[in-house]
Every structure is written in structure tokens, then in C-alpha cells.
Amino acid sequence: MYGSTFKVEILYCITPGPELPSEEKSSRLVISWRMNFLQSTMMKGMIENGARQGIKDNFDQYSSLLSQTVRPVDQKNIGSNKEQVLASLQAQPQSTFKLAVQYFANCSVVVTTFMALYVLVHIFLAAPSTIQGLEFVGLDLPDSIGEFIVCGVLVLQGERVLGQISRFMQARLQKGSDHGVKAQGDGWLLTVALIEGCSLAAVNSSGLSDPYVVFTCNGKTKSSSIKFQKSDPQWNEIFEFDAMNEPPSVLGVEVYDFDGPFDEAASLGYAEINFLRTSISDLADIWVPLQGKLAQTCQSKLHLRIFLDNTRGSNVNVVKEYLSKMEKEVGKKISLRSPQSNSTFQKLFGLPAEEFLINDFTCHLKRKMPIQGRIFLSARVIGFHANIFGHKTKFFFLWEDIEDIQVVAPTLSSMGSPIIVITLRAGRGLDARSGAKTLDEEGRLKFHFHSFVSFGVAHRTILALWRAKSLSPEQKVQIVEEESEAKGCSETEENGSCLGPGEISMSEVLSSILSVSTNFAMELFNGAELERKVMEKAGCLNYSFTPWESEKENVYERQIYYIFDKRISHYRVEVTSAQQRHSLSNRNGWLVEEVLTLHGVPLGDYFNVHLRYQIEDLPSKLKGCSILVSFGMAWQKRTKHQKRITKNILKNLQDRLKVTFGLIENESATR
């Protein structure tokens, strides 16, 4: 009955399945259905309920018959396969003696040892020489140019061997900073196993480097241990990223040569793994070639095993939850797309099965001539497709690649419609260059979209999806505050301060007299626009701060966040800082205490940096103020690199303080 009023549409989707322990091929079969009514009828609800039950019973029997011919995959075996692979990645224990023999079995050590033994035998056989020339008892100088040259060679060789011994001891004590740290949360879990490196480049004459690997995904970084004096290092380390609400887009991999937190570290190579263009099964065991001049010259590569799992089960629930969150941002209900629409979208742009379509809009892409097509929006990408007289235009890029989104006023060429201008980061989205309107001097692609049927909805949806993938500095400061409040401060005294240096040894790093008043110098800590301007000029990018809050009488605290410019540090160093200030008693001045935590540098979780600024007026007859800055290091963990890191940070800090207070004087002169 009523069979002529509707049609049942069924979609069979067959995709490659997971890798099995038996190395057999597998596939995933997903069957979806929907009702398409050809005419309205009062019996619509009854028809749908009856069809749903009939479809279920039919495909239960279908599944039973299919399992008699094709063996179903046991999901437990899939999980155990990953566990078996990771469990097998255990570093082979080696004795210190064998490692020492392997490490010191080189020409330099052999020659130095032979020369030292040769000289000792010579000293034993030779008769004592008489005192002559400028010699005296206890001082035996070379008696010829030949002896002088031999002494110099011995000293240089000895210094080189002592350096190798020092590096060997460091390599035995060094451990991976993030290896073995378990992921937390429920969602998409990314696990990366770093197996080994091959033909890594060297930046010094020894032909060997001190490599370590940094993985970056969704703004989070994981660092491997440092392998000293290795060109083919063996790591066998496992890194787990905390659960993510959406599947990640890219995994950044970069190999560095360690030489101190703030030194200009040399990049030995880099790579980017795009999860949208690479099958997850292909990443289970892969050699990744590294890019860069040094890496390409040496044909460097890394051996990785990458696993991406969704612990939430069905992807439908994840999609509904994500759409619900986006509806609040957009202010308009977003309908769940059908499996057929999602399949078409994935096939159109060659995307994986977990990528779901959120919305699409008809619009024009502005280049030399406007091209009418459709813009497609998903959780990870924004794509455009057009087919004009058989000439197809198709491209997509990641939300993370976008640097800015602006709206330009309507023009005659845009047919009276506002234009959405999307600017990508420099060097990103080059695959979509064919659809860009311009390429600016900084190497950034700009895309122009206009003539939307509903401009407001399209614009709000694009902004909401972009913001969901980018966290502002203010939000990061807020997260730091919440974590600080939850964690508390174990060093809090009765005065409520957790910034006091306690037993930390503070040393003077800068003492200077500025030709500005104390009040103007304190603008550097007042949270005004001058502070942001000066700090960003001094190399503190994305500088943001919270308002000063009163902790007790005459004592105020605030939080600061910024990123070091690359000219200060090659690493992407994120700094979170807690500042406390109070006025000096019986003097016209201020005392500002600061505790800095560095994120994104090797061994950054081993220490905190403490600073104390004392700013006060000069005697009444003189104009200006005096600045005294003290510095100290609070070590949370012991490491052999303490002196090296402290010296490196101190040098960088002195240079940055001179630049900062110099900018304060320049700003005062221009006013």
C-alpha cells in the first residue's frame, strides 16, 4: 500500500579496512538508507516506521548470510595489534662497556691514546734535561719549534677527546622528556612511535650531530630524547597526544641539533604528515623523508609508526555533538547531512571517511573573472568546486592554514555583494594556489568569495569553524589562570604570595639609569598599549596580559603570555609569566617580581626563571630613574646541563633587557 508515494534509497559504501595482525586485507562496509517521498501523504510516519523495521530485519539477515562467505573482523584483534606493535618497541639494553667501545672506537681517540702512551714512554726513558733559557725549577718550556708544535697538537687532541667523554656521559644520563606519558581524555587519540633515523645531517666537522625530534599536533608538542653523536640514532620511543574532539589535520615533525635552549639551533630536517591526504593504514609503518637543504643533501629520513583511534565509537554521535556546538556560534540550526552527501563530498575532494560535511553555499570565486561554484565547509577543511562548461576548478585548504578572515565592502566587480577575503599563512596552502586571487609580498595567498545567497549565515559559519581551530592568546592566559587556581601554589606564605624567590640565589644582571621618570618606566608593567607595543618590538609576539588584581594591601598580581620571536629563539617558545608588584617603603619606586615558565624548549619543564625589577627615582637634583634587575633559576629536576642552560638564558636575558629599556627611552623621547 502507498508504494507509489515513496522510494527507499540505499547507499553501499565500501572502504579499506584496518591493518590486521595476520597482514590480510580487510574492508569496511557501511550501509545507509533514507526515505524519499514523491508526494505528501498522511501515512508518512507510519510508512517510515514500517520501512525502518523492515530494513533492519532485512539487513540482519543480509549480515548473517554475508558472514558465511566472508569472515568478519574481530574488533578486539585490531586494538591488540596496535598494542602488540607498541609493546615490541622496547629499547635493547646495552652495557656501558659495549657502548663505550662503540663510541670511542674512532681514529681521533686511537691517535690521542697512542700519542699519550708514546709521550709517557719517552718521559720514562729520557734523562732529565738541564735548566736553561727562561726555565726555572717547576717550569719546563719547549726547547725547539718542533717541541712547541707537538705540545700544541697534544693539547688540541686532549681537548677533543675530553669533549667526547663529556658528551658520552650526557648521552647515558639523558632521557626522553615526553616518552611514555599517557594520553588523557576521550576522543581522537594520536599515538606516534619514533623508531629510528637514517642518514641525519651533521652541522659540525665531526660528521655527527646531537639530534632530537619534536612532534607538533593541534598546538601541542612532544619532544624525544637527545641522542648524542649519532647520524643513525635508535629511539624506540612512544608519544601520545591527549584526546581531541575532532581528528587532527596534520602532524609536524622536525629534527633539531641540540645546543642550548636559546642558541640558534640548526634544523636537520622537517616533514609534515597530512592525515587528509594519507591513509591511516599507510601510516602504521612508514619511512618519512625529511625536507630542508641539509636533509635533502644527506637523504635523511625517519622511521615512524602512527596510530589514530576514536575512543568515542560511532562517528554519528561525534558529528551531532560538533554540530550542536557550532549552532551556538552561528546562531542558526545546522542540519545533519545524509550519508550520501558526505560520501559525495569525500569523493569530490579525496578526503577520508571520518571527514563529515557541515554546510555548503553557492558563491562566486573572484579571480580575473568570477567563477560560480559551491564552497564546502567541514571540521578540518574549506573547499571550493566549480564546473563551468566542463572546465573544473577544485581545491581545498586547512583551517589551520588561515591567518586572517576579513570582509570587504561591496564593489561593482562583486555585483554589489560583500567579499570574504581569506588570507593564508606564508607558504601554506600552495596546493590551492590555482584558486587564489593574489599572492602578496610575504608569500601569503588571498582568496576572494562573494555573491552568497545568505551572506550572514555563510560568514558566521566560516568564522565559527575557523575560531574552533585557533585558540587566542587571551584564552591561553585564561587556561593558565584556571590551572594555577586548581593546582594552587605550594610556596604560598601568610602574605599570599607565591612569587617570592625563597632560597633561590638572585644575581644582578642589569643596573642602569634611564632618562625617564619612574612613572613612565612603570608603563612597561601597567597593562597599557605602550607595554604591548614595546614588548612586541623586543621580540615578544602575541603579547597578552590579564588586569592587575589586588591580593592584599599594596600587593597586585597578573598573568602574561607571549611567544618569542624566531630571532630570539629558533624554537617556538611559549612563555607564561606570573608578575607581582608593590611600592617600595620610604622610597618613591616599585618592586616587580616575575616567575617565567618556558614551554616548547628541551628540558623546559626542569626549571623556572625568576626576575626582580627594582625601579625608583634618582636623588631630587637629578632627572630620571634607576633600574636594577636581578635573576635566578629555580630547578625542579636535576640535570647535567644546568650551567650550560643558565649561561644561555642569562646571555639572552641581558640582551633583551637592554633592548626593552632602550625602547622605553625612545618612546619617551617621541612624546
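Fair warning: this is a prediction, and the values are worked out from it, not measured in the lab. Nothing fancy with the numbering, it's 1 onward along the sequence.
Rounded to the nearest 0.5 angstrom, Asp232 CG and Ser300 OG are separated by 9.0 Å. In this structure, CG in Leu663 is found 9.5 Å from NZ in Lys533, a value given to the nearest 0.5 Å. The structure places NZ of Lys301 at 11.5 Å from CD1 of Ile286, a figure rounded to the nearest 0.5 Å. Going from atom CG of Asn359 over to atom CG of Leu465 covers 9.0 Å, rounded to the nearest 0.5 Å. Atoms CD1 and CG, on Ile358 and Asn342 in that order, are 10.0 Å from each other to the nearest 0.5 Å. Taking CZ from Arg433 and CG from Leu424, the interatomic distance works out to 12.0 Å, rounded to the nearest 0.5 Å.
Nearest heavy-atom pair, Trp399 versus Ser378, reported as atom, atom and distance to 0.1 Å: NE1-O, 2.8 Å. Counting all heavy atoms, side chain and backbone alike, Leu290 lies closest to Gly269 at CB-CA, 4.1 Å. Heavy-atom minimum distance, Pro289 versus Ala271: O-CB, 3.9 Å. Of all heavy-atom pairs between Ser341 and Arg337, the closest is CB-CB, 4.2 Å. Residues Glu523 and Ala528 share a closest heavy-atom pair of OE1-CB, 3.8 Å. Residue Asn542 comes nearest to Glu536 through the heavy atom pair N-OE2, 4.0 Å, listed as atom of the first residue, atom of the second, then distance.
When side chains are defined from C-beta on, His385 does not count as touching Phe396, because their heavy atoms never get closer than 4.5 Å. Residues Val457 and Phe452 are not in side-chain contact: their nearest non-hydrogen atoms beyond the backbone lie 4.5 Å or more apart. You'll find the side chain of Ile238 stays beyond 4.5 Å of the side chain of Phe307, heavy atoms only. Taking the side chain as every heavy atom from C-beta outward, Val534 and Glu667 approach each other to under 4.5 Å. Leu190 is listed as a side-chain neighbour of Phe275, based on a closest heavy-atom distance under 4.5 Å. Between Thr191 and Glu240 there is a side-chain heavy-atom pair separated by less than 4.5 Å. At a threshold of 4.5 Å between non-hydrogen side-chain atoms, the residues Glu400 and Asn218 count as touching. Between Phe361 and Leu377 there is a side-chain heavy-atom pair separated by less than 4.5 Å.
Within the 3.5 Å criterion, the main-chain N or O of Ala201 finds a donor-acceptor partner in the side chain of Ser209. Between the side chain of Glu196 and the backbone N or O of His303 there is no donor-acceptor pair closer than 3.5 Å. Here the side chain of Asp440 pairs a donor or acceptor atom with the backbone of Glu442 at under 3.5 angstrom. Within the 3.5 Å criterion, the main-chain N or O of Leu348 finds a donor-acceptor partner in the side chain of Lys394. Of the possible polar contacts, none joining the Thr393 side chain to the Ala386 backbone as a donor-acceptor pair under 3.5 Å is found. In this structure a side-chain-to-backbone donor-acceptor pair under 3.5 Å is present from Thr278 to Asn274. Although no hydrogens or angles enter the test, the distance criterion places no donor-acceptor pair under 3.5 Å between the side chain of Ser343 and the main chain of Pro339. Between the side chain of Ser668 and the main chain of Ile664, no donor-acceptor pair closer than 3.5 Å is present. Formation of a donor-acceptor pair under 3.5 Å by the Trp235 side chain with backbone atoms of Ser225 is found in this model. Side-chain atoms of Arg367 come within 3.5 Å of backbone N or O of Ser434 as a donor-acceptor pair.
Classified by interplanar angle (parallel below 30°, tilted 30° to 60°, perpendicular above 60°), the ring pair Phe356/Tyr322 is perpendicular. Relative orientation of the Tyr543 and Tyr562 rings is parallel, given thresholds of 30° and 60° on the angle between their planes. Aromatic ring orientation, His364 versus His450: parallel (interplanar angle below 30°, classes split at 30° and 60°).
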Passes salt bridge (charged side-chain N to carboxylate O under 4.0 Å, His left out), Arg425 versus Asp401? Steps please.
CA-CA 6 Å; Arg425 303 180 189 276; Asp401 293 342; over 6 Å; no

For Arg428 and Phe397, what are the C-alpha separation, side-chain angles and deciding distance, and is it a side-chain contact (heavy atoms from CB on, under 4.5 Å)?
CA-CA 9 Å; Arg428 306 296 297 180; Phe397 47 83; over 6 Å; no

For Gln296 and Gln291, what are the C-alpha separation, side-chain angles and deciding distance, and is it a side-chain contact (heavy atoms from CB on, under 4.5 Å)?
CA-CA 6 Å; Gln296 290 177 331; Gln291 303 297 316; 2.8 Å; yes

Evaluate the criterion salt bridge (charged side-chain N to carboxylate O under 4.0 Å, His left out) for residue pair Arg380 and Glu246; output intermediate values, then yes/no.
CA-CA 8 Å; Arg380 292 187 287 180; Glu246 303 88 36; over 6 Å; no

side-chain hydrogen bond (donor to acceptor under 3.5 Å, both in side chains) for Glu237 and Ser224? Distances and angles first, verdict last.
CA-CA 7 Å; Glu237 297 179 359; Ser224 74; 4.6 Å; no

Worked verdict on Ser267 versus Glu254 for side-chain hydrogen bond (donor to acceptor under 3.5 Å, both in side chains):
CA-CA 7 Å; Ser267 175; Glu254 188 149 12; 2.8 Å; yes

For Val255 and Tyr212: C-alpha separation, side-chain torsions, deciding distance, then whether side-chain contact (heavy atoms from CB on, under 4.5 Å) applies.
CA-CA 6 Å; Val255 184; Tyr212 70 97; over 6 Å; no

Before you tell me yes or no, could you show the steps for Val381 and Phe345 under side-chain contact (heavy atoms from CB on, under 4.5 Å), namely the whole-Å CA-CA distance, both residues' side-chain angles and the distance that decides it to 0.1 Å?
CA-CA 11 Å; Val381 303; Phe345 167 65; 4.2 Å; yes

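In summary, the aromatic rings of Phe447 and Phe384 are positioned with their centroids too far apart to meet the 6.0 Å limit. Less than 6.0 angstrom separates the ring centroid of Tyr613 from the ring centroid of Phe525.
Dense packing is recorded around NZ of Lys325, with more than 12 heavy atoms of other residues, nucleotides or ligands lying under 6.0 Å away. Within 6.0 Å of CD on Gln299 lie no more than 12 heavy atoms contributed by other residues, nucleotides or ligands.
For the pair Asp404 and Arg444, the salt-bridge criterion is not met [side-chain N within less than 4.0 Å of a carboxylate O].
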